[in-house]
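These notes concern the structure reproduced below.
Source: prediction; values computed, not measured.
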There are 2 protein chains.
Amino acid sequence: MASPRERRYRIRQERIIEHARGIAESEGWAAVSTRRLAQQIDHSQPVIYQHFRSREHLVAAVVTQGFVELTSLIREASAAAGGGLEQLCWSYLDFGRQNPALYEAMFTRPTHLRFAQEDTPAELRESFEALAEVIVRAAGDRADEDVAALTELFWATCHGLTSLHLAGRIPGDHLKGQVERICTMIRG
Amino acid sequence: MASPRERRYRIRQERIIEHARGIAESEGWAAVSTRRLAQQIDHSQPVIYQHFRSREHLVAAVVTQGFVELTSLIREASAAAGGGLEQLCWSYLDFGRQNPALYEAMFTRPTHLRFAQEDTPAELRESFEALAEVIVRAAGDRADEDVAALTELFWATCHGLTSLHLAGRIPGDHLKGQVERICTMIRG
DNA sequence: ATAGATAATCTATCACTGATAGATTCTTTC
DNA sequence: GAAAGAATCTATCAGTGATAGATTATCTAT
């Protein structure tokens, strides 16, 4: 169905996204420039704008990919033996540790992507929904209102630890006890 | 003691910091440029570098000021009638809401400032210590190890809520119940 | 197969950024 | 008031995101 032209276009787009992510992880987002990306894919700089309306849209594409990965990670942790909150918590922390730049783009860098709204992309929604499912299972039967609030709280707490840890604001020395406390809090 | 020259130098430095903070709050950190700051204080652009080694050092100066304010805010919340965890939690959330750009610089933007280390500036340390004092009071007698872990956890949780809220990742609809849960978790 | 239309790509440029070198002016000190 | 020193300016550099317009490649229809 896809013409050769379209196929090449998509392949190139994937390459751009991959390189952007790679450069960000190894040298930080400031090092991700259109000229450098163009050089990596052997094209001139304006070609980047055939794929992304702006640099921010390019970053958003990386972010979307990140949420897809995070969703499947949540589902895996949920389906695994045990499948408890603790396991999910550790998976989340590991995700941040293994992809600090990606995580930074997903959660702390300014972006035009809006969350928890009508026009929120499906990929972002699904992460939240996957998380909510685990919360429901762990915290028993509750009103939808409570599930949303608990999911937010769980997410915020995991994010707070990850964010401060990645930014060098807190050491990781006390994570074990902290994770236990978080999970106890959520289970009620 | 201070010569007129030094006095003018310090006044100008304060003005630069104020303008940087003001621009950041109204238009975001990307709008804070050396040229624009120079224009605001009626000098040429390189003068900024008489005060700050780099743009990042300028941002760090704003951040330091932010931590001074956060510390006194924690002390006030701690000394106020009641002086409980809930009050502190709300004060923290308000601080973020009222100074989103400042908060962003303090906690989520990349910086050379290191925390929880030997060379950590006193202003940053004091915020943590002020927080730890409140935790000790609220959570009763504990080992120092536990106090540090609990303080980190409390901070991370408040930060997680603030951060995701400011970035538009979660709505603020469920804050009341979430704050209560956090405080219950800390008190143990 | 080839001419015409269309799409993709390139070169060149714009306005802007942080940062620095060197000439110039202002301040201070003797 | 003259010499020494510090502070400030102009001018510039290399790099950024983004765009306009010329050029080339690709596809379509005869």
Side-chain angles (χ1 to χ4, degrees), chain A residues 1-17 19-63 101 104-105 109-113, chain B residues 1-17 19-63 101 104-105 109-113:
Chain A
M1 206 44 201
S3 70
R5 179 178 276 179
E6 288 175 62
R7 252 203 337 268
R8 270 175 306 181
Y9 181 86
R10 283 181 202 172
I11 288 171
R12 199 171 57 192
Q13 178 141 324
E14 285 309 308
R15 288 189 65 203
I16 296 172
I17 293 176
H19 277 120
R21 183 169 169 178
I23 296 171
E25 290 298 352
S26 56
E27 301 175 47
W29 282 105
V32 177
S33 74
T34 54
R35 280 172 181 79
R36 183 153 170 198
L37 289 170
Q39 194 185 344
Q40 299 239 37
I41 61 165
D42 273 310
H43 282 82
S44 73
Q45 178 239 355
V47 159
I48 304 297
Y49 292 88
Q50 293 281 327
H51 294 265
F52 305 99
R53 213 179 313 161
S54 72
R55 187 183 184 276
E56 199 183 328
H57 283 81
L58 160 59
V59 177
V62 179
V63 165
E104 183 194 343
R109 291 186 76 86
T111 168
H112 64 270
L113 289 173
Chain B
M1 205 48 200
S3 70
R5 180 178 273 179
E6 288 176 60
R7 255 209 328 274
R8 271 175 304 178
Y9 181 86
R10 283 181 203 173
I11 287 172
R12 198 171 57 191
Q13 179 140 324
E14 285 309 309
R15 289 188 64 204
I16 295 173
I17 293 176
H19 277 121
R21 184 169 168 177
I23 295 171
E25 289 297 353
S26 57
E27 302 175 46
W29 282 105
V32 177
S33 73
T34 54
R35 279 169 182 82
R36 183 154 170 198
L37 290 171
Q39 194 185 344
Q40 299 239 37
I41 61 165
D42 273 309
H43 280 82
S44 73
Q45 179 239 355
V47 159
I48 304 298
Y49 292 88
Q50 291 283 326
H51 294 266
F52 305 99
R53 212 180 314 161
S54 71
R55 186 183 184 276
E56 199 183 329
H57 283 81
L58 160 59
V59 177
V62 179
V63 165
E104 183 193 342
R109 298 203 126 234
T111 169
H112 64 271
L113 289 173

Exercise. Salt bridge (Lys or Arg N to Asp or Glu O under 4.0 Å): which pairs involve residues 35-45 of chain B, sequence neighbours left out?
Worked result: B:E27-B:R36
For this session: State which residues pass salt bridge (charged side-chain N to carboxylate O under 4.0 Å, His left out) with A:R5; sequence neighbours excluded, sorted by chain then number.
Result: none
Exercise. In terms of side-chain geometry, is the basic nitrogen of A:E25 or A:R21 positioned less than 4.0 Å from the acidic oxygen of its partner?
Worked result: no
Kindly give the atom pairs (protein nitrogen or oxygen, nucleotide nitrogen or oxygen) under 3.5 Å for nucleotides 3-8 of chain C.
{"residue": "C:dA7", "atom": "O3'", "partner": "A:R5", "partner atom": "NH1", "Å": "3.2"}

Seminar exercise, completed: A:R12 meets the salt bridge (charged side-chain N to carboxylate O under 4.0 Å, His left out) criterion, sequence neighbours left out, with none
Exercise. Which residues pass the salt bridge (charged side-chain N to carboxylate O under 4.0 Å, His left out) test with B:R55, sequence neighbours left out?
Worked result: none
Problem set entry | Spacing between A:I48 atom CD1 and C:dT9 atom P, to the nearest angstrom | 11 Å
Exercise. What residue pairs, at least two apart or across chains, pass ring pair (Phe, Tyr, Trp, His ring centres under 6.0 Å) with a residue in residues 42-62 of chain B?
Worked result: B:Y9-B:H51, B:H57-B:H112
Exercise. What's the NE2-C1' distance between A:H51 and D:dG17, to the nearest Å?
Worked result: 17 Å
Seminar exercise, completed: Given protein heavy atoms under 4.0 Å, the one-letter contact record of nucleotides 10-18 of chain C, with B base, S sugar-phosphate only and - none, is simply BBBB---BB
Exercise. Can you name the residues that form a side-chain hydrogen bond (donor to acceptor under 3.5 Å, both in side chains) with A:Q50, not counting sequence neighbours?
Worked result: none
For this session: Provide, to the nearest angstrom, the distance between the CD atom belonging to B:E56 and the C1' atom belonging to C:dA19.
Result: 14 Å
Exercise. In chain order, what residues pass the salt bridge (charged side-chain N to carboxylate O under 4.0 Å, His left out) check against A:R8, with sequence neighbours excluded?
Worked result: none
For this session: Give the rounded distance in Å between these two atoms: CG of A:L37 and P of D:dT16.
Result: 10 Å
